[in-house]
Structure formats: structure tokens, C-alpha cells
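Let me begin by presenting the structure, written as C-alpha cells, before commenting on it.
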There are 2 protein chains.
Amino acid sequence: MKTVVSSATRTVVIGPDEPFVIIGERINPTNRKRLAEELRRFDFSRVRAEALTQVEAGARMLDVNAGIPGADEPGMLRGAVQAIMETVDAPIAIDSSTPEALEAALPAYRGKALVNSVTGEDEVLERLLPLVRKYGAAVIGIANDESGISKDPEVRLAVARKIVQRAADHGIPPEDVIIDPLCMPIGANHEFGRITYDTMRLVRQELGVNMSVGAGNVGFGLPDRPPLTAGFILLGMQVGLTASITNALEPEISRAILAGDLLLGRDPFGKKWNAHFRKSTAARSDARPAPGRATLVPPAPGN
Amino acid sequence: MKTVVSSATRTVVIGPDEPFVIIGERINPTNRKRLAEELRRFDFSRVRAEALTQVEAGARMLDVNAGIPGADEPGMLRGAVQAIMETVDAPIAIDSSTPEALEAALPAYRGKALVNSVTGEDEVLERLLPLVRKYGAAVIGIANDESGISKDPEVRLAVARKIVQRAADHGIPPEDVIIDPLCMPIGANHEFGRITYDTMRLVRQELGVNMSVGAGNVGFGLPDRPPLTAGFILLGMQVGLTASITNALEPEISRAILAGDLLLGRDPFGKKWNAHFRKSTAARSDARPAPGRATLVPPAPGN
């Protein structure tokens with residue numbers, strides 16, 4: 001199944017046979033004081049800068065969140081969406097569960113957006129799905145409901161199924177629903193990874209829809225988090241994970257995803273892998289890339 | 001299914017619910033001129049040093065190869081095995097397909113060894129399986145035969161099945177056969193990863209035996225190989241790979257495997273992950289580890 005999102009000028013396809021899609025997580029004022037201050041003043045210069053650097057680092061979509069308690073979320077979200085559209089051509093995941101904010105941002109968006117997110121709670125579904133439908137967007141559905149986050153993969157599957165069905169009731173086809181199977185901090189319970197992967201297997205097998213996960217959370221509370229985030233995504237790629245809201249600026253994460261794409265046959269001729277290497281070599285040496293590295297099969301540089 | 005190997009004083013269990021087993025690859029004279037020269041002189045000081053550093057870096061078994069054209073492989077292999085046994089307690093994978101070398105090394109080994117390797121070729125099976133049986137060893141069976149390395153996962157499965165059956169005919173139980181599903185350089189054909197993973201799924205589902213792969217080869221000819229080796233192993237861990245002959249000294253590889261174990265629920269309480277972090281921090285700062293990092297859930301250090 002393929003989920004197609006777009007900006008005015010660029011289409012991104014999410015699917016099991018497509019390259020993995022990084023949705024850049026950084027345009028989010030949570031725990032980012034200066035970004036929050038600027039958003040409150042409707043100053044979007046940092047939003048623009050973050051949009052550019054994330055896309056340059058490999059993000060193919062950008063998440064934008066403007067949820068600051070007590071502030072004008074609709075105005076800020078709309079302004080941020082406009083600023084991003086003026087800066088890059090990556091499609092946007094509009095990150096709000098507030099109808100007023102979505103009603104402000106979605107009409108301003110040119111293309112097919114991704115709404116992030118609904119849960120399986122009846123009240124949330126009935127509040128947000130009509131907006132998703134009205135503006136022809138796709139939507140992320142998180143596999144928890146009124147009863148919370150289950151540790152039982154079958155229960156998470158049931159919530160995912162409910163979201164897909166309820167979306168269909170509102171005229172939203174299954175290919176426009178991306179399930180988030182939920183990632184809880186592995187430091188709190190060493191079974192949390194297995195629960196998420198079992199959920200992914202079930203969702204892929206039973207529903208066949210695409211999946212995305214906010215991966216940064218998995219290492220919460222543990223040291224040396226980038227390899228945990230990277231490893232979490234790679235293990236997910238093998239069982240149906242097709243996208244992730246994550247930090248494209250962390251080289252270990254973006255590089256692991258490129259490696260996964262190459263190893264899973266989604267990077268023919270290693271074109272992206274070689275381009276990444278040339279870019280990172282050029283960045284490191286602050287010089288032109290070495291020409292000897294520009295081809296697919298140069299002599300082995302050791303392992 | 002569990003494969004149990006041992007030294008005189010240590011047992012290592014390979015299995016889908018066990019921590020992943022790194023088999024250190026470095027005691028091998030191929031492309032290592034000084035190691036080869038020393039082996040020819042029956043000087044095993046470098047073998048001892050490599051044994052120590054690999055075990056310290058996380059290798060739980062050690063591969064030992066003494067195949068130097070025209071040299072006394074039986075004597076060198078036996079000597080190297082003895083040197084390793086005197087230095088570390090990691091079980092050994094005796095890496096030879098020469099009956100004379102195995103006949104020299106296996107009787108000297110104390111514990112249950114792993115013989116690396118047989119292929120599915122009739123002649124090889126009939127030559128080596130009796131020795132594996134005679135010395136009560138386990139064996140790696142590589143999924144190719146007289147017709148070469150197939151690109152069809154079903155054919156590789158058939159070869160693996162033949163090896164398991166032929167081993168049984170010689171009195172070697174399936175839990176003592178570890179299948180190598182074969183890893184070819186992804187730079188030569190971007191389908192090679194998928195072929196290997198499909199083979200792993202089939203072997204796990206149809207035969208249920210453990211699997212090991214020589215992972216260093218996957219990035220041959222490509223730049224920036226360690227993340228490819230690491231990613232290849234992580235993707236494999238999700239579909240039945242339980243061990244790998246690889247370079248434990250490459251931090252990116254050993255760290256990715258630790259992350260995989262943690263994320264797959266094989267590192268309860270993150271004990272090994274935290275130990276790795278303390279060790280690498282101590283190595284970097286050449287100082288005592290920071291006490292604040294010693295517990296499982298300290299404040300999040302950012303991702």
C-alpha cells in the first residue's frame with residue numbers, strides 16, 4: 001500500500017518498497033525555549049532555518065508543531081506552515097490535535113498534507129477525521145485509545161483497525177492512514193521493543209497499512225541514545241516500518257536509515273549511499289569530495 | 001533451538017532468545033601479512049593479543065583460521081587454538097575445511113568447538129561431518145553447493161535442509177548445525193540483501209536452526225563500511241540471525257549489536273548497554289566513568 005503526500009511541487013511516496021521516509025522532528029517548541037519565544041512573536045526565521053537544515057540532512061517531510069500552552073496555536077501553526085512552504089518543497093506533517101489549529105493551517109497548505117495525529121479515542125476520531133477528509137489529507141493514527149497504551153500487541157492492532165475503519169467511514173481510504181504502533185522507552189521495560197515489533201508485524205499482516213513511529217523516545221533515560229534510535233528504526237524497517245518522525249540532523253540516525261535502504265534493495269546502485277559519503281566527506285574535510293569515492297565499486301577501504 | 005558451545009570453563013548459548021553472539025573474525029592470516037609471518041614461525045603472540053582485545057571488545061567466541069598456502073596448517077591451527085585457550089575462555093570456531101588441520105586442532109580443544117565450515121557439496125559433507133561427529137563439535141553449514149551460490153532463497157533453503165539432514169545422518173543433531181545464509185556484496189547487486197533476508201526467514205521458519213553470517217563482506221567495494229556491516233546485522237537480527245563472524249573491534253558494529261539486544265528484550269535492565277557506555281566513556285576520557293551514568297534511568301542526555 002502506498003501513501004502519497006505532496007507539497008505544491010514535490011510528491012513523497014511512503015510504502016514498503018519505497019525508500020524509508022524521515023519526517024524531520026525539530027520544528028517543535030517542546031523543550032526548545034528560543035523556538036517557542038520566536039513562535040510567540042510570529043518570528044519564523046528559526047523555523048525556516050530548521051526546515052532547510054533538516055531537508056539538507058535527509059528529511060523528506062517535515063513535522064511542524066506550534067503547541068505552546070496559552071499561545072495562539074492556530075496563528076503560529078499557519079504561519080509556520082507558510083514559512084516552511086516558502087523555504088523548502090518537502091511535504092508537511094501538521095502536528096496538532098486542536099481542530100482550530102488544523103482549521104487555520106490546513107487551508108493554507110498547498111498540496112496533500114499529513115495530519116499528525118489522531119488516537120483511537122472516539123472523541124478524537126470524531127473531532128479530527130472530518131477535517132482530514134475536508135482537506136484531503138492523510139493522517140497518522142496512534143494505536144492507543146481511552147484505555148491507554150496497551151502492552152498487548154493484539155490490543156494495539158485492534159485500536160489500529162478501529163482507526164482505519166473509522167477513517168473509511170469518513171471517506172478516508174486505508175492508504176491515507178499511517179499507523180503509529182507506539183514506541184515506549186526501553187529503559188522503563190525491556191519488553192517494550194518486542195511489543196512494538198510484534199505490533200508492527202500484526203499491523204502489516206492484518207491491515208497492510210504504512211507505519212511511522214516517533215523513534216527518539218525509545219532511548220529516553222539511557223546513555224548514548226542515537227545508536228538506540230538508529231537501531232530501533234532499522235529493526236522496524238524489517239517488519240513494516242516505512243517512516244519515522246526523527247532527528248535527521250543526527251548523522252548516526254540518517255546514515256543507519258540510508259544503510260537500511262541500501263541493504264533492503266531500495267537504493268539501486270548505491271546512489272544515495274555514495275552521495276551521502278561524498279557529502280559527509282566534503283563536510284568533514286571542508287573540501288571537494290575525493291573523486292575516487294564517487295563510483296559504486298572503488299577498491300575496498302577496509303571494513 | 002539452542003546451540004551450546006563451550007571452552008573448558010565457559011559455555012555460550014546461541015539462540016533466538018539469547019543475546020546475539022559475536023564471533024571475532026580477526027585471527028585470520030588472509031590479507032594480514034605480519035600475522036601470517038608469525039604463524040609460519042609458530043609465534044602466537046599476536047594471536048594471543050588479538051584474542052584478548054576481541055573478547056574485551058565484546059566477542060563471545062573467536063574464529064581461528066590458519067590457512068596459509070604452502071604452510072603447515074595443521075600445526076599452526078593446533079598451536080593457535082592452544083594459544084587462545086591459554087589466553088581467554090571464549091569458545092572457539094575452528095575455521096578450516098582441511099581434514100588434516102581439523103584432525104590436529106580438534107583433539108587439542110577442550111570443550112565443545114564450532115567447526116567453520118561445511119558447504120552443501122557432497123564431497124565436503126562426507127569429508128568433514130565425520131570429524132564434527134567424532135569430536136562432538138557443532139558446525140556451520142554454508143547454503144551453497146556444487147552449483148554455486150544461488151540467488152533464489154528457496155534454493156539456499158534446500159541446500160541448508162540438505163546440510164541439516166546429512167548432519168543428522170552422521171548423528172549430529174539440528175541444534176548443532178548453524179546455517180550461514182550467505183552474504184554477498186550489496187555493491188555488486190542491490191538485491192543481495194533481500195535475498196539473504198528472505199533466506200533467513202525461510203531457514204528460521206522451515207528448519208528452525210540458528211544462523212550466523214560473515215557480515216564484513218556486505219559493504220565490499222563501498223565507502224563507509226562499518227555502518228553497512230552494523231545495519232546488515234541489525235536487519236538480520238529481526239529475521240533469525242543469531243550470531244555473526246565479524247569485527248568486534250569496530251565500535252559501530254559492537255554497539256549496534258548491543259542496541260539490538262536491548263531493543264529486542266535480550267538485555268534485561270539495560271545492564272550490558274550501560275556497561276558498554278561506561279566502558280567507552282572511560283576509554284574516551286581515560287578516566288573513571290561518570291557515576292551519574294551508571295544507573296538505568298538517569299535524566300535524558302538528549303537524543
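Per chain, numbering begins at 1; letters A, B, ... match sequence-line order.
- At a heavy-atom cut-off of under 4.5 Å, chain A is reached by A259(B), G260(B), L262(B), L263(B), L264(B), G265(B) from residues 256-265 of chain B, listed in order of number.
- Ranked by heavy-atom pairs under 4.5 Å with chain B, the first of E191(A), R255(A), E252(A), R266(A) is R255(A).
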(request) Decide side-chain contact (heavy atoms from CB on, under 4.5 Å) for H190(B) and K271(A); before the verdict, give the C-alpha distance in whole Å, the side-chain angles of both, and the deciding distance to 0.1 Å. (result) CA-CA 11 Å; H190(B) 69 269; K271(A) 212 174 138 185; over 6 Å; no
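- When heavy atoms are compared at a cutoff of 4.5 Å, R194(B) approaches chain A by way of both its backbone and its side chain.
- Taking every heavy atom of both residues into account, Q238(A) and G236(B) meet most closely at NE2-N, 4.5 Å.
- Heavy-atom proximity under 4.5 angstrom to chain B picks out R201(A) from residues 199-211 of chain A.
- If you take CG on L228(A) and CH2 on W273(B), they are separated by 4.0 Å, rounding to the nearest 0.5 Å.
- Summarising the geometry, atom CG belonging to D267(A) is positioned 9.0 Å from atom CD1 belonging to I186(B); distances are rounded to the nearest 0.5 Å.
- Between chain B and the residues S280(A), G193(A), P268(A), the most heavy-atom pairs under 4.5 angstrom are made by P268(A).
- Listed by first and then second residue, the side-chain hydrogen bond (donor to acceptor under 3.5 Å, both in side chains) pairs that reach into residues 51-64 of chain A are D63(A)-N116(A), sequence neighbours excluded.
- Annotation: ring-ring contact (aromatic ring centres under 6.0 Å, His included) contacts of F20(A) (sequence neighbours excluded): none.
- Using a 4.5 Å cut-off between heavy atoms, Y197(B) contacts chain A through its side chain alone, with no backbone atom that close.
- Taking each heavy atom of L235(B) and M237(A) in turn, the nearest pair found is CD2-CB, 4.3 Å.
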